[in-house]
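Reading through the structure tokens given below for one structure.
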Amino acid sequence: MLAETVVAPTLQTPAGRHGLQRQMLKWYACAGRQLPWRQSRDPYRIWLSEIMLQQTTVAAVIPYFERFTAAFPDVKALAAAPLDDVLRLWEGLGYYSRARNLHRAAGLVVSEHGGQFPADAVQLQKLPGIGRYTAGAIASFAFDLPAPIVEANTERLYARLLGLQLDVRSAAGQKQLWAFAESIVSTERPGDFNQSVMDLGARICTPTSPRCSDCPVREYCGAFRLGLQHELPRKPPRAPVTAIAELAVIPMRVQQGRRQFLLRRRDTGERWAGMWDAYREETQPEILDALPVSAFQTKPRSRVGSLFSAEHEQLPAATLERVKQQSGAVLGAVTAALQLTYAVTRFKVRLTAVVCRVHQSPRSLPDGWSWHAQEDLGELPLSKTGRQITDWLQQFGN
DNA sequence: AATACGGGGAG
DNA sequence: CTCCCAGTATT
């Protein structure tokens, strides 16, 4: 008698892949996440959510998505809005080039596509801020086109299914993952299928402690078969964090009984481009240590607002010179200081911000610089750190 | 191929 | 603390 060999399901054949697709869609129907951007097929809302979700957790995005769609219900409204309004709504979400590209892309959709998103991954990817993943996501979620996707969840899931030993970030690894994504995407229900693999990655095939016992496709999984689910996907070591010291200087003046602070708008190409910020310079930790604020630092790593006791504490002469050169302001005594730490990309920054009186303000300020009334600081688009500084500035005199 | 780009959440 | 997150653009 011919022994009927029980073969593990394989993803090498169309039949095997179809089996996985069916399992995924079945699982998704009862275990898929309910998310605000899944309530419609509106390409605008799907696009917006996808941009917000780039390198950003679902939990962080939800409140931004709600506020954003309330303010700008469609692509036309977004295109018509001033960039500053868009940046202000994006504030705190990070990766601000996303907001600038979003605004640019909205303008292009209106001007080049008659206000309609193209139902085509290739066309979508030509829009700023839309790469291969996002183009595939919009094409499949909004238009139900069989476009492949590879992002954090699918990358992990597919690397495990394949038992992929390559570094998933390498060109060779990415090539394999995209080829697999292309081969596995359902031609019948590509939108639901792509969302199902993302949800499985998020809920079952998690980075640490994957819940293989609950996984509907573990019989297809190379990593599970080999017991490598904790080893895969393989990633290169992370770049080490560099410690940095930073000094921020905020000139202050009083005009008609109102406090004003001198700030600048960050240039294109800089970090936090287009957003307002205090003058900042990288410095040496010793410089910060030498500032008398340290006497007031009671809690490390926390914000400490403190008035200097002496009226004539001064900053390093070189700093005063740079502030004068860049802003035109001639500074007087330091009146207050704030210490905080923050992390940005691969840097961990210890920042001391000081408020200085102004001896002399130039008749006309250099490009990008301007005085801002204390009560108007809330209107400005600022980075997280910038907001921490202005929140502190708003307490002055109270 | 490497690097820059933010901030928050989870373990 | 560390790791990770619905990546993209630039060099």
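Please read all numbers here as calculations on a predicted model, not as lab measurements. Note on naming: letters A, B, ... go to the chains in the order of the sequence lines (proteins, then strands), and numbering restarts at 1 for each one.
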Would you measure the distance from the P atom in dT8(C) across to the matching atom in dG8(B) and give it in whole Å? 22 Å
For nucleotides dA6(C) and dT3(B), find the distance between their P atoms and express it as a whole number of Å. 25 Å
Which part of the nucleic acid does [X] contact within heavy-atom distance under 4.0 Å: base, sugar-phosphate only, or nothing?
X	answer
Ser170(A)	nothing
Arg38(A)	base
Ala171(A)	sugar-phosphate
Val61(A)	nothing
Ser49(A)	nothing
Ala137(A)	nothing
Gly92(A)	sugar-phosphate

Which nucleotide sits closest to the side chain of [X]: [options]?
X	options	value
Trp272(A)	dA1(B), dT8(C), dG6(B)	dG6(B)
Arg238(A)	dC4(C), dC1(C), dG7(B)	dC4(C)
Thr56(A)	dA4(B), dA6(C), dG6(B)	dG6(B)
Pro207(A)	dC4(C), dG7(B), dA6(C)	dC4(C)
Leu35(A)	dC5(B), dG7(C), dA6(C)	dA6(C)

Nearest-angstrom distance from the residue atom [atom1] of [X] to [atom2] of [N]:
X	N	atom1	atom2	value
Trp90(A)	dC5(B)	CH2	P	18 Å
Tyr342(A)	dC1(C)	OH	C1'	20 Å
Ile149(A)	dA6(C)	CD1	P	11 Å
Leu53(A)	dC4(C)	CG	C1'	14 Å
Tyr95(A)	dT8(C)	OH	P	12 Å
Lys348(A)	dC1(C)	NZ	C1'	10 Å
Leu166(A)	dA1(B)	CG	P	12 Å
Arg387(A)	dG8(B)	CZ	P	13 Å

Both Tyr64(A) and Arg271(A) contact DNA chain B. Which one's nearest nucleotide lies toward the 5' end? Arg271(A)
Residue pair Thr208(A)/Leu382(A) against DNA chain B: nearer the 5' end by closest nucleotide is Leu382(A)
Base dA6(C) to side chain Arg33(A), donor-acceptor N/O within 3.5 Å cut-off: yes
For [N], take OP1 and OP2 only and decide whether either is under 4.0 Å from a side-chain N or O of [X].
X	N	answer
Gln55(A)	dG7(C)	yes
Lys235(A)	dC5(C)	yes
Arg156(A)	dC4(C)	no
Arg346(A)	dA4(B)	yes
Ser209(A)	dG11(B)	no

Could you tell me whether [X] and [Y] make a salt bridge, using a distance below 4.0 angstrom between a side-chain N and a carboxylate O?
X	Y	value
Asp289(A)	Arg350(A)	yes
Lys324(A)	Glu321(A)	no
Asp42(A)	Arg45(A)	no

Under 3.5 Å: donor-acceptor pair, side chain of Thr69(A), backbone of Glu66(A): yes
Aromatic ring pairing Phe396(A)/Trp392(A), orientation class (parallel under 30°, perpendicular over 60°, tilted between): perpendicular
Would you call the rings of Phe180(A) and Tyr158(A) parallel, tilted or perpendicular, where under 30° means parallel and over 60° means perpendicular? perpendicular
Determine whether Met252(A) and Leu338(A) fall in the same hydrophobic cluster, where Ile, Leu, Val, Met, Phe, Trp and Tyr are linked whenever their side-chain heavy atoms lie under 4.5 Å apart. yes
When you compare the side chains of Gln260(A) and Arg253(A), does any donor N or O come within less than 3.5 Å of an acceptor on the partner? yes
Distances under 3.5 Å between protein N/O atoms and the N/O atoms of nucleotides 9-11 of chain C, please, pair by pair.
| unit_1 | atom_1 | unit_2 | atom_2 | d |
| --- | --- | --- | --- | --- |
| dA9(C) | OP1 | Gly129(A) | N | 2.6 |

Cation-aromatic face contact Arg67(A)/Tyr64(A), 6.0 Å, 45 degrees: yes
